Amino acid sequence: MQEIFNPSRCDLISMDVSHLLDSLNDTQRKAVCASPEHMLVLAGAGSGKTRVLVHRIAFLLETEQTRPYNLLAVTFTNKAAREMQYRIETLLRRSPQGMWAGTFHGISHRLLRMHWQEAKLPQTFQILDSEDQDRTLKRIIKSLQLDEKVWTSKQSQSFINSQKDKAIRPHDILIEENDFWLKQMVQIYQMYEEHCQRTGAVDFAELLLRSYETLRDNESLLTHYHARFRHILVDEFQDTNTIQYLFLKLLAGEQAKLFVVGDDDQSIYSWRGAKVENIQNFSQNFENTKLIRLEQNYRSTGTILEVANALINHNRQRLGKRLWTEGKAGEPVYIYKAYSELDEADFVVAKIKAWEGKLSQVAILYRTSSQSRIFEEKLIGKNIPYRIYGGIRFYERAEVKDVLAYLRLIALHDDDGAFERIINLPKRGIGQKTLETIRATARKTGVSLWQAANQLTQDKALSGRAHNTLQTFILLIQQITQSIKDLSLKEQVKQVMQVTELSEHYKKAGKEEAQRRLENLDELVTAAEQFSHSGKDGMDPLTAFLAHSALEAGDAQANEFSDCVQLMTLHLAKGLEFDSVFLCGLEEGLFPHQNSIKEGNLEEERRLCYVGITRAQQQLYLTHSESRYRWGLRESARPSRFLSEIPVELLENVKLQTTRSIGNHHFNTGKLIDFEVGQWVKHGKFGEGIILEREGEGELSRIYVKFSEGSKWLLAAFANLEII
DNA sequence: TCACTGTAATTTTTT
DNA sequence: ATTACAGTGA
């Protein structure tokens with residue numbers, strides 16, 4: 001491993017492509033115009049990672065006689081893929097035709113659509129999202145007559161996905177004779193696989209694994225892609241899991257050059273299979289790798305970077321990096337110690353109220369999503385607009401998925417998940433009994449539910465009423481399938497909603513709920529209308545739209561364009577930046593989270609904290625509370641160890657300057673457990689007061705203090721209380 | 001089939 | 001405190 005720099009090379013070509021290199025610093029330029037070899041760009045937070053990736057692509061296209069056809073660019077999220085595509089087009093002032101750019105899943109999906117025969121899939125295979133996968137597993141577990149409390153679908157789901165993420169099929173698993181748990185899991189995995197294959201269903205993990213296997217086992221295909229892709233560029237490489245790594249390695253072969261960009265210090269997804277080792281050992285795994293570190297930061301103040309550096313330095317397992325800036329040291333990083341989560345939120349909201357810049361440049365970050373509620377309440381109270389990230393996204397909404405289920409069943413009658421979802425929606429009198437008969441028949445003869453239902457009606461095997469309702473359902477599906485065949489996508493969606501009476505069905509729900517649902521259905525029609533599909537990869541518009549809905553679940557909220565405070569978990573904040581950041585709930589057990597402490601995964605928690613800190617451009621507030629309401633109980637809390645890992649000279653303790661008169665007020669007594677009712681206390685600001693009431697015992701007890709200032713009860717800085 | 005009730009769990013989330 | 005979910009009875 002060696003640092004490379006070849007000035008002559010840059011000089012040589014800079015005449016042609018100066019517009020690609022001028023705006024870059026020396027290190028970035030080295031990365032962008034490196035000779036074609038495997039490259040690992042260790043890009044610290046805010047160091048221009050995407051910039052380097054985009055300029056590298058442009059550079060290859062303009063100087064290396066590389067055609068877009070020879071390039072493959074991979075990201076993790078659709079958002080990152082869109083951003084990359086947009087920036088390439090802006091830089092080149094044209095759209096590179098023939099380049100493959102997309103997410104791992106998007107690219108795998110594309111491969112499978114193009115080579116569905118080699119992949120041994122039906123041409124119209126459907127994609128299962130994790131809800132579909134969960135429902136499928138529930139049915140399989142039930143069919144095995146297992147105790148659903150012992151063998152939960154969620155547990156099986158994570159078992160199966162983690163196996164697939166490691167490229168492990170059921171037959172690859174060695175089971176010891178007495179390992180009943182594993183034996184059972186493998187059986188569920190196996191049945192799930194057979195079921196998916198039979199019904200043409202492909203889950204997210206399967207997209208990757210199946211396309212990997214397809215390439216691996218088809219020499220001619222692999223040869224074709226080896227000849228095609230000369231350069232493979234990967235973003236956020238620290239987030240790759242085993243199958244993604246294998247996929248890249250296979251696709252790169254001996255010919256292609258990998259250009260991977262990432263930051264081991266920002267690896268925060270090990271819990272969903274990401275392997276930091278992929279980036280940490282990259283240079284050992286790929287011969288002749290050049291390493292470049294991007295350490296100059298263009299985002300944050302010097303002080304914020306020092307805080308970040310100091311914190312991450314406590315991690316052992318890292319490739320090592322130290323962020324620096326040419327900019328100013330800026331303000332100190334502030335620490336606020338609150339009495340309670342209410343006080344914490346009051347503080348944050350008061351500071352935001354005083355903020356004079358754009359609200360969209362302020363972020364409240366937290367470890368767990370449950371922390372958002374209190375901030376939400378306080379922001380509403382002060383009339384500050386906000387946006388919470390996360391939650392249920394558009395294509396995940398129940399009513400949207402209901403319509404999509406009809407469309408799926410139309411596209412592929414064998415889709416059991418879709419069949420089960422809508423067989424009795426809206427209610428058409430097909431009950432559990434009939435459904436169970438269909439399931440049993442399907443199981444017995446090894447066919448899909450649709451085929452079983454057809455069989456049963458043909459054989460007249462059901463009682464009169466059940467027979468009729470089922471017959472009506474089958475005719476309904478057959479009839480829609482025929483009648484919408486030649487319609488536009490938008491009309492297809494509209495027709496399905498009308499003919500199936502789904503729209504009518506939702507109208508019957510409660511007033512506001514009905515309103516919301518109908519709006520979402522309207523939105524779905526609009527989405528179908530706007531969905532443009534070039535007709536590539538051999539997909540009809542409907543199949544393409546269904547794939548799109550599974551692969552790009554869309555955003556959760558609409559108010560994206562208004563100026564509002566941004567609330568999100570630390571995980572969601574990765575890749576974003578804000579002028580002012582509030583990093584809240586820095587308490588032992590919450591951040592680092594109890595489960596991570598228990599599992600000894602502190603380094604990842606620290607990286608998460610590092611991610612949070614490095615989101616801030618100008619101001620950073622770190623807050624923690626002495627007590628917190630969790631699970632219906634008030635618990636005392638100690639400051640996070642991360643706070644003590646930051647040198648004190650970089651920090652400044654702050655207090656809220658406002659005093660407010662209030663009614664009864666509770667104080668968590670914390671360390672001041674010696675106070676008794678009737679005692680007089682003295683406070684630095686409010687003067688003398690008397691303890692009127694005490695509730696509870698020990699550290700969790702509360703006291704009510706009345707100060708002698710007028711007849712009002714006051715909120716005081718508790719730590720300043722003294723017995724007199 | 002639906003509404004009610006008791007129980008258990010409660011980190012992070014993209015595709 | 002909140003929520004999700006399975007079980008139960010009308």
Side-chain angles (χ1 to χ4, degrees), chain A residues 74-81 102-110 112 127-134 138 142 147-149 152-154 157-158 161 164-165 202-209 211 235-236 239-241 243-244 267-274 341 365-374 377 389-393 395-396 424-433 435 547-556 568-575 585 587 589-599 601 604-605 607-609 611-612 628-635:
Chain A
V74 197
T75 63
F76 276 84
T77 65
N78 292 302
K79 195 178 162 202
T103 63
F104 276 102
H105 291 85
I107 282 158
S108 301
H109 175 239
R110 190 169 188 177
L112 293 180
I127 299 169
L128 296 189
D129 70 15
S130 53
E131 191 200 337
D132 302 330
Q133 186 183 37
D134 188 58
K138 276 209 174 91
K142 209 170 251 171
D147 184 344
E148 287 165 75
K149 276 185 183 141
T152 63
S153 58
K154 288 275 184 284
Q157 193 178 20
S158 65
N161 288 339
K164 288 190 179 185
D165 283 346
V202 176
D203 62 49
F204 290 132
E206 185 74 22
L207 285 171
L208 296 170
L209 178 53
S211 55
D235 194 14
E236 303 278 19
D239 289 337
T240 48
N241 63 25
I243 185 66
Q244 288 158 342
S267 164
I268 55 174
Y269 285 114
S270 73
W271 51 274
R272 62 182 201 211
E341 71 287 342
L365 308 181
Y366 35 79
R367 176 68 238 264
T368 66
S369 45
S370 59
Q371 287 166 258
S372 70
R373 228 196 59 197
I374 185 77
E377 282 169 19
Y389 284 68
I392 300 169
R393 286 139 58 201
Y395 287 110
E396 288 169 356
N424 200 29
L425 185 101
K427 301 264 166 354
R428 50 172 71 89
I430 301 176
Q432 284 300 312
K433 197 82 187 295
L435 188 51
H548 160 85
S549 73
L551 247 31
E552 285 191 60
D555 222 317
M568 68 194 83
T569 63
L570 285 153
H571 283 89
L572 286 172
K574 199 173 91 174
E587 294 138 38
L590 183 62
F591 191 28
H593 196 275
Q594 193 52 53
N595 296 2
S596 298
I597 298 173
K598 206 168 59 199
E599 291 157 21
N601 205 2
E604 182 149 315
E605 292 286 295
R607 291 194 289 265
L608 192 56
C609 190
V611 166
R628 190 169 290 272
Y629 213 53
R630 281 225 281 181
W631 305 325
L633 291 168
R634 179 154 293 281
E635 292 176 350

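Remember, it's a predicted structure, so these values are computed and weren't measured experimentally.
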- Query: Can you tell which of B:dT1, B:dT11, B:dT15 lies closest to the side chain of A:L551?
  - Reply: B:dT15
- Between A:E552 and A:G429, who's closer to the 5' end of DNA chain B by nearest nucleotide? A:G429
- Message: Can you measure A:D134 atom CG to C:dA4 atom P for me and round it to whole angstrom units?
- Response: 14 Å
- With the side chain counted from C-beta on, respond yes when A:L208 and A:F104 share a heavy-atom pair under 4.5 Å apart, and no when they do not. yes
- Task: Tell me which nucleotide among B:dT11, C:dA1, B:dT14 gets nearest to the side chain of A:R393.
- Result: B:dT14
- Taken to the nearest whole Å, NZ/A:K154 to P/C:dC5 is 7 Å
- For A:A553 and for A:I430, locate the closest nucleotide of DNA chain B by heavy-atom distance; then report the residue assigned to the nucleotide nearer the 5' terminus. A:I430
- Interatomic distance at C1', C:dT3 relative to B:dT14, whole Å: 24 Å
- Side-chain atoms of A:Y629 come closest, of B:dT11, C:dA1, B:dT13, to C:dA1
- Within the structure, does a side-chain N or O atom of A:S369 lie under 4.0 Å from either OP1 or OP2 of B:dT12? yes
- Of all the nucleotides listed (B:dT14, B:dT11, B:dT12), which has the minimum atom distance to the side chain of A:W631? B:dT11
- Item | N-O pairing of A:E341 and A:R630 below 4.0 Å | no
- Just call it for A:S130: base, sugar-phosphate, or nothing, with non-hydrogen atoms closer than 4.0 Å on any strand. base
- Length of the line joining A:Y395:OH and B:dT13:C1', which is rounded to integer Å: 20 Å
- Query: Which part of the nucleic acid does A:E599 contact within heavy-atom distance under 4.0 Å: base, sugar-phosphate only, or nothing?
  - Reply: base
- Message: Between A:T569 and B:dT13, is there a contact of a side-chain N or O with OP1 or OP2 at under 4.0 Å?
- Response: yes
- Message: Under 5.5 Å centre to centre and under 30° between planes: does that hold for A:W271 and the six-membered base ring of B:dT11?
- Response: no
- Would you call A:H593 stacked on B:dT11, i.e. ring centres under 5.5 Å apart with the planes less than 30° off parallel? yes
- Task: With heavy atoms under 4.0 Å as the rule, sort A:R373 into base, sugar-phosphate or nothing.
- Result: sugar-phosphate
- Quick one: label A:L572 by what it contacts on the DNA or RNA (base, sugar-phosphate, nothing), any heavy atom closer than 4.0 Å. sugar-phosphate
- Report yes or no: does A:E396 contribute a side-chain atom to a donor-acceptor pair with the main-chain N or O of A:R393 at less than 3.5 Å? yes
- Task: Fit a plane to each ring of A:Y269 and A:H571, take the angle between them on a 0 to 90° scale, and name the class: parallel (under 30°), tilted (30 to 60°) or perpendicular (over 60°).
- Result: tilted
- Decide yes or no for A:E604 and A:S596: does some side-chain heavy atom of the first lie under 4.5 Å from some side-chain heavy atom of the second? no
- Option from A:K574, A:Q244, A:R272 for which side-chain hydrogen bond (donor to acceptor under 3.5 Å, both in side chains) with A:D239 holds: A:K574
- Task: Provide, to the nearest angstrom, the distance between the CG atom belonging to A:D129 and the C1' atom belonging to B:dT13.
- Result: 13 Å
- Nearest-neighbour nucleotide for the A:Y269 side chain, B:dT11, B:dT12, B:dT13 considered: B:dT13
- Query: Rounded to whole angstroms, how far apart are CG on A:L608 and P on B:dT13?
  - Reply: 10 Å
- Item | Atom-pair distance (CG on A:N161; P on B:dT15), nearest Å | 15 Å
- Mind checking A:N78 for me? I need base, sugar-phosphate or nothing, with any heavy atom below 4.0 Å counting as a touch. sugar-phosphate
- Specify the separation, in whole Å, of atom NE2 of A:H109 and atom C1' of B:dT14. 16 Å
- Item | Between C1' of B:dT12 and CZ of A:F591, the distance in whole Å | 10 Å
- Message: Base, sugar-phosphate or nothing for A:N601? Non-hydrogen atoms, less than 4.0 Å.
- Response: nothing
- Task: Looking only at side-chain atoms of A:K427, point me to the closest of B:dT15, B:dT11, B:dC2.
- Result: B:dC2
- A:Q133 (side chain) donor-acceptor with A:D203 (main chain) under 3.5 angstrom: no
